Novice: 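My questions all concern the structure below.
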Amino acid sequence: MSGKKREIRPKPRLPKGMRDIDAAEIRAVEQMLGTIRQVYESYGFEPLDTPAFEYTDTLGKFLPDQDRPNEGVFSFQDEDEQWLSLRYDLTAPLARFVAQNYDGLPKPFRRYQTGPVWRNEKPGPGRFRQFTQFDADTVGTDNVAADAELCMLAADTYKALGVPRGSYTIRVNNRKILDGIIESAGIDLRDANNHAKRLTIMRAIDKLDRLGLGGVEQLLGEGRKDESGDYTKGAGLEAAQIAKLIDFITAARGDGGSGAMTRSDVLNAIETHLGESATGRDGLDELRIMDELLSAAGIGADQIAFEPAIVRGLEYYTGPVFEAELTYSDGGDAPSLGSVGSGGRYDGLVARFKGVEVPATGFSVGVSRLYASLQKLGKLNADRASAPAIILVMDKERTADYYKMASTLRVAGIRAEMYLGTSGMKAQMKYADKRGAPCVIIQGGDEKARGEVTIKDMILGEKLSQEIADNQEWREGQPAQFSVKEGELVEAVASVIARHGGSKPGADK
RNA sequence: GCCGCUGUAGCUCAGUAGGUUAGAGCGCUAGAUUGUGGAUCUAGAGGUCCCCCGUUCGAGCCGGGGCAGCGGUACCA
């Protein structure tokens, strides 16, 4: 006790909301990214990359140095004291890029982009402070066909990723319709005093999925107290106004019933509630055109549906908004897994820089969230790339020979590695086991004398071990291994890998 | 941000009205087995008992204050 000095050691730990990503996930995600890229490319979008951080004012955030430092974003100062922020999405940097290079770009400008984004928020289940998005945007046209196309692109993307029809839904709404219905409830949106009220109303509607109609109703009125006792102040609407809004939300909902409404059913329901609001009419007309285009493409409401309670980002979207989610297909009352993609029309973003309106619309796949959901649903094809064959080092003097074997296998296109540790054979076997190696290659003095190598099939061996209780038998029986001439090494290893790698798909579920 | 719950080994947790060197299972390392992953047995490594202050002869346990994690809620481009 006396001589024990207290060394201060750093505790190995991850920053809040961050995570490490293992080999299996990297492989799976890279495959997903490749698939998404293919779909986006097929629609004619071109790739673009922009840096991880931008000047803070570019991203549209207030300077984070005063009363609310780093609110929502991660920020730091350059040596010239200018504030920089890590990007929190891929859209704001796109707006900067377009504004900066406007004259030279083809209009409409269509680009796709993927990469990590960061948000300085409280992490939760399925919510991290770094995650990957994959965006496609069409900038420079107010044609609703661009919005319809992005919805189709989204559907095609989930399909290509192996999400079967019926297991995803893209729900579409239009911000103009929301504004219209608020106006028709007697709230004048031209009155600046009603600005905050409008936001509160939309936030309330946005919570329909989570809180249900009752919760929305409370939030439109006085407010709501949650189960932890926390209280959220409501919009303070009058009973008649609340009834009107609730009525509107309900009208176009299938009530979770079996008979899904068609898109035009929903539009008709909306229309009867909309009254004379010009903004609302605009929004309705836009959705009608989208419906025509989608229907002409043979896409029904089971894939792309209209849903008047979809809201999305508040000060951001100006027209159609979309949200994609995965759903269990096995019926039951299993909860939704949350949004795995979203987008919409944002006609004001580029104007921040240029003064002129540059209409734009985009869709973003939440890659990290989607991966997690597919994982949870067991929809990720688990055919991991085969682990390397391991060449055991039986005699350290012959390291060069072993290395040559590894090299021979690699030339033949087989992943192979010579054991690089310094432990004995038992430890090497454990190593190979932990690595998931399909086989190990053994050449000790005996094999060398005969000009042979021994191949041990680790996967078969594991299977056989379950039937052997006696260690003596297990060790001496040397199950699942065989010897071949040195010249037949490649062929023998390839056959073992083929035996397992090319096995029946779906059999191991 | 607000409300609630929880902090003891890598993980899951015990810990006796406050009392010597703080435990178990799993995991890890190694031996039993001169060249073989599993099983079994054995041994070993690994801990500022979240932190600080206080009460006490004495605190993992009691009191106060922090911090962190989890859950709910708010915000979410």
Side-chain angles (χ1 to χ4, degrees), chain A residues 1 4-9 11-14 16-17 59-61 68 71-73 85 87-95 117-125 127 129 133 199-200 203-204 206-207 210-211 215 219 223-234 311-317 321 339 342-344 346 348-349 352 362 364 390 392-395 423-437 439-448 454-481:
Chain A
M1 199 98 222
K4 210 173 201 174
K5 266 178 234 147
R6 270 164 71 145
E7 283 179 61
I8 312 264
R9 301 189 189 127
K11 212 179 292 169
R13 64 211 172 106
L14 279 168
K16 190 200 303 199
L59 296 180
K61 302 304 286 190
R68 311 174 78 182
E71 177 78 7
V73 299
S85 296
R87 65 186 178 202
Y88 52 79
D89 70 8
L90 299 175
T91 309
L94 171 66
V117 301
W118 296 267
R119 293 185 187 181
N120 189 359
E121 294 172 334
K122 181 187 162 187
R127 297 186 61 173
R129 305 229 268 193
Q133 296 191 323
L199 295 181
T200 309
R203 284 187 190 120
D206 194 35
K207 292 186 177 62
R210 195 151 44 85
L211 302 182
L219 286 172
R224 173 179 178 274
K225 186 189 259 189
D226 68 56
E227 60 212 54
S228 73
D230 195 22
Y231 186 76
T232 310
K233 197 174 182 312
V311 178
R312 303 302 311 168
L314 291 176
E315 308 267 18
Y316 195 92
Y317 293 116
V321 285
S339 154
S342 67
Y346 50 97
L349 268 199
R352 286 186 51 233
S364 175
I390 308 286
L392 302 196
V393 174
M394 303 300 290
D395 177 357
S423 298
M425 181 171 184
K426 186 179 170 100
Q428 297 190 36
M429 291 298 295
K430 281 183 152 182
Y431 172 78
D433 186 40
K434 196 160 264 183
R435 287 294 309 275
C439 63
V440 297
I441 290 101
I442 304 165
Q443 190 186 50
D446 298 347
E447 287 91 348
K448 181 65 184 166
T454 294
I455 317 281
K456 172 151 187 172
D457 181 334
M458 298 295 282
I459 299 168
L460 179 59
E462 185 177 5
K463 215 171 288 171
L464 294 177
S465 80
Q466 290 164 5
E467 293 149 22
I468 301 173
D470 179 51
N471 185 253
Q472 195 76 11
E473 189 190 340
W474 162 244
R475 291 166 69 95
E476 285 175 0
Q478 300 193 335
Q481 66 187 59

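This one's a predicted model, so the numbers in the text were calculated from it and none came from an experiment. Protein chains get the first letters and strands the later ones, always in sequence-line order, with residue 1 at the start of each.
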Novice: Only one of A:R435, A:K434, A:Q428 passes side-chain hydrogen bond (donor to acceptor under 3.5 Å, both in side chains) with A:Y431; say which it is.
Specialist: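 Answer after filtering A:R435, A:K434, A:Q428: A:R435.
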
Novice: At under 4.0 Å between heavy atoms, what does A:G424 touch on the DNA or RNA strands: base, sugar-phosphate, or nothing?
Specialist: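 A:G424: no heavy atom of the nucleic acid under 4.0 Å.
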
Novice: Output the single nucleotide from B:A74, B:C76, B:A77 whose closest atom is nearest the side chain of A:T232.
Specialist: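 Among the listed nucleotides, the one closest to the side chain of A:T232 is B:A74.
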
Novice: Is it true that a side-chain atom of A:E121 and a backbone atom of A:R129 form a donor plus acceptor pair closer than 3.5 Å?
Specialist: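 Checked: no pair found.
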
Novice: Checking contacts here: which listed nucleotide (B:G37, B:U73, B:A77) is nearest the side-chain heavy atoms of A:L211?
Specialist: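 Selected nucleotide (nearest to the side chain): B:U73.
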
Novice: Does A:I442 reach a base, just sugar-phosphate, or nothing at all? Heavy atoms under 4.0 Å.
Specialist: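 The residue A:I442 makes base contact.
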
Novice: Mind checking who B:C5 pairs with, Watson-Crick or G-U wobble, both distances under 3.5 Å?
Specialist: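 Paired with B:G69.
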
Novice: Could you list, one pair per line, each protein nitrogen or oxygen that sits under 3.5 Å from a nitrogen or oxygen of nucleotides 38-40 of chain B, together with the distance?
Specialist:
residue: B:G38; atom: N7; partner: A:W474; partner atom: NE1; Å: 2.4
residue: B:G38; atom: O6; partner: A:N471; partner atom: ND2; Å: 2.2
residue: B:G38; atom: N2; partner: A:I468; partner atom: O; Å: 2.3
residue: B:A39; atom: N6; partner: A:N471; partner atom: ND2; Å: 2.8

Novice: Does the side chain of A:E447 pick up a donor-acceptor pair with the side chain of A:T454 at under 3.5 Å?
Specialist: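 There is such a pair between these side chains.
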
Novice: Can you check whether any acceptor in the base of B:C75 is under 3.5 Å from a donor in the side chain of A:R203, or vice versa?
Specialist: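 Answer no: no donor N or O sits under 3.5 Å from an acceptor.
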
Novice: Would you classify A:E447 as touching base, sugar-phosphate or nothing, given that sugar-phosphate means primed atoms plus P, OP1 and OP2, and contacts are heavy atoms under 4.0 Å?
Specialist: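 It contacts base atoms.
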
Novice: Spell out, as yes or no, whether a donor-acceptor pair under 3.5 Å connects the side chain of A:Y316 to the backbone of A:G344.
Specialist: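 No; judged by distance alone, with no hydrogens or angles, the pair does not exist.
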
Novice: Assuming nearest nucleotide by heavy-atom distance, tell me which of A:W118 and A:E462 is located more 5' along RNA chain B.
Specialist: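 It is A:E462 whose nearest nucleotide is closer to the 5' end.
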
Novice: Assign A:D457 to base, sugar-phosphate, or nothing according to its heavy-atom contacts below 4.0 angstrom with the strands shown.
Specialist: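 Touches a base.
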
Novice: Let's test this: given Watson-Crick or G-U wobble pairing with both distances under 3.5 Å, identify the partner of B:G23.
Specialist: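 Base partner found: B:C13.
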
Novice: Could you please name the partner base of B:U40, counting Watson-Crick and G-U wobble pairs only when both distances are under 3.5 Å?
Specialist: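 B:U40 is paired, partner B:A32.
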
Novice: Nearest to the side chain of A:K207 - B:A74, B:G37, B:U36?
Specialist: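 Selected nucleotide: B:A74.
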
Novice: For B:C76 and A:K122 - does any side-chain N or O of the residue sit under 4.0 Å from the phosphate oxygens OP1/OP2?
Specialist: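 A:K122 to B:C76 OP1/OP2: no side-chain N or O under 4.0 Å.
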
Novice: Return yes if the base of B:U36 and the side-chain atoms of A:Q428 contain a donor-acceptor N/O pair under 3.5 Å, otherwise no.
Specialist: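 Flag unset: no donor-acceptor pair detected.
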
Novice: According to a strict under-4.0 Å criterion, is A:R210 in side-chain N/O contact with OP1 or OP2 of B:A74?
Specialist: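 Yes, such a contact exists.
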
Novice: Between the protein and nucleotides 66-68 of chain B, which nitrogen or oxygen pairs are less than 3.5 angstrom apart?
Specialist:
none

